[in-house]
There are 2 protein chains.
Amino acid sequence: MTKTPTRIQQRNRAAIMSAGLDVFSKFGFRGATLDQIAEAAGLSKPNLLYYFASKEAIHDALLERLLETWLDPLKDLDGAGDPIAEIMGYAQRKLTMSRDYPRESRLFANEILQGAPRIAETLKTDLKQLVDEKADIIKAWADAGKIAKIDPHHLIFSIWAFTQHYADFDVQVRAVLGDKPPYDGAAAFLDTLYEKLLRP
Amino acid sequence: MTKTPTRIQQRNRAAIMSAGLDVFSKFGFRGATLDQIAEAAGLSKPNLLYYFASKEAIHDALLERLLETWLDPLKDLDGAGDPIAEIMGYAQRKLTMSRDYPRESRLFANEILQGAPRIAETLKTDLKQLVDEKADIIKAWADAGKIAKIDPHHLIFSIWAFTQHYADFDVQVRAVLGDKPPYDGAAAFLDTLYEKLLRP
DNA sequence: TCTTGGTTTGACCAACTGGTCAAAACAACG
DNA sequence: CGTTGTTTTGACCAGTTGGTCAAACCAAGA
């Protein structure tokens, strides 16, 4: 019987989530401080703790929301669709997410880098199940000769790695490219790469 | 006129570097504590500070040593060698480094994720120069029709992304693969991927 | 207007942080 | 052995950290 939150609650909880995303994605859980988050949210620290029980509660809420949306692009990979178009569509969707939600990508990267203490279970159950399921689809395509024979798991890893690289290693990418915008070239390269890899 | 360090100095400084690598690679600079490092090194905190002036000094020493060796595989890419063999050799060398030095990879990833506050300059000068130089070689190969026409910079990014993924996202890779060892499949996939991409 | 329930804050706290220092312990060489 | 330079440590410190709490503030309906 939880009451519907007031407008103030909605506004402040949203501000805290956004501020937490900023700070956690930049410093990781241990490196982030409540004072930083409070300041970024425009609230006092006690006020922040009026809305979230603890530092960990903010982090948990962020991770939960992230995991929900993070795997959506893969869920959309459709076994009934055109194989090459489906896989390349997935890769492009992931690249778009890196471009539009780099903070989320870095929050996730931080969590994994630190050994995934808070989501290891989810990875071993939900994520593994989803990936195995999609890997089966890809393997069936390969067996039917519709795409080249490749290891489906490592194919998925390669998509994750390449697309997230542009969000997680943003400063390095920009340092190397200088003025050139990263994402145009990345999308074109992605197309070429998987087109050549997948064509049987 | 710096004196040669005693055996004790060599042993303890090495122990501190290794302990620092453990802790910094797991928690990032801000998330790591001197107490953790001291305990991992088997020394008391004041004793640790007898060998390194500060927390930052340990981190700096690690980053400096890392940058030296981190770029060696790319330096070895030889414009006079066989194009496809050179690029695929580089990719395999990087994958081997991920397997054998995962802590170093994660230390680097942490630094970049957090905005590379300590090495941004090096990236914009040394790294950019090296990459541009090798990109020119690759572009020349492409122009001469010896490999397929692809964007050299994004090709290099893709190698970094894919190979480092196995070190940086180790727990996720293992969660998804279950019992299967990651690196055998990765090396095989890497071969297929760049073989297909690069053949003109 | 008063009341009620949600909201905000200043003052505070114990634990932890990076770092200091003088004194003690030790190694090694003559 | 004694001396000299190196190594180690316990006690300590000031600043920061996550978190608490009672009191004040405020919005809005009766």
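Treat the numbers as computed from the prediction; the structure is a model and nothing was measured. Hydrogens, waters and symmetry mates play no part in the numbers below; they use all other heavy atoms, side chains included. Proteins come first, then strands; the chains are lettered A, B, ... in the order of their sequence lines, and each starts at number 1.
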More than 12 foreign heavy atoms under 6.0 Å from [atom1] of [X]: is that the case here?
X      : atom1 : answer
A/E39  : CD    : no
B/K124 : NZ    : no
A/K139 : NZ    : no

Expressed in angstrom and rounded to an integer, what is the separation of [X] atom [atom1] from [N] atom [atom2]?
X     : N      : atom1 : atom2 : result
B/L34 : D/dG15 : CG    : P     : 18 Å
B/F27 : C/dT17 : CZ    : P     : 11 Å
B/K45 : D/dG10 : NZ    : P     : 13 Å
A/I16 : C/dT7  : CD1   : P     : 11 Å
B/R11 : D/dT7  : CZ    : C1'   : 10 Å
A/L48 : C/dG10 : CG    : C1'   : 16 Å
B/Q36 : C/dC16 : CD    : P     : 12 Å
B/D35 : C/dA15 : CG    : P     : 15 Å

Is [X] touching bases, backbone alone, or none of the nucleic acid, heavy atoms closer than 4.0 Å?
X     : answer
B/A32 : sugar-phosphate
B/Y51 : sugar-phosphate
A/I8  : sugar-phosphate

Looking only at the side chain of [X] (C-beta and beyond, no hydrogens), which of the listed nucleotides [options] gets closest?
X     : options                : result
A/Q9  : D/dG19, C/dT7, C/dG18  : C/dT7
B/P46 : D/dT9, D/dG19, C/dT17  : D/dT9
B/N47 : D/dT7, D/dG19, C/dG19  : D/dT7
A/K55 : C/dT9, D/dG19, C/dG19  : D/dG19
B/L49 : C/dT17, D/dT20, C/dG19 : C/dG19
B/Y50 : D/dT8, C/dT20, C/dG10  : D/dT8

request  = Establish, with yes or no, whether the OP1 or OP2 oxygen of D/dT16 is under 4.0 angstrom from a side-chain nitrogen or oxygen of A/R30.
outcome  = no

request  = Ignoring backbone atoms, test whether A/N12 places a side-chain nitrogen or oxygen under 4.0 Å from the OP1 or OP2 oxygen of C/dT8.
outcome  = yes

inquiry  = Is any side-chain heavy atom of B/N110 closer than 4.5 Å to one of B/F24?
reply    = no

message = Assess the residue pair B/D22 and B/I37 against the criterion (side chain to side chain contact (heavy atoms under 4.5 Å, CB included)); give the C-alpha distance rounded to whole Å, side-chain angles, the decisive distance to 0.1 Å, and a yes or no.
response = CA-CA 8 Å; B/D22 270 343; B/I37 299 172; over 6 Å; no

task = Please tell me which of A/S44 and B/E56 maps to the more 5' nucleotide of DNA chain C, matching each residue to the nucleotide holding its nearest heavy atom.
result = A/S44

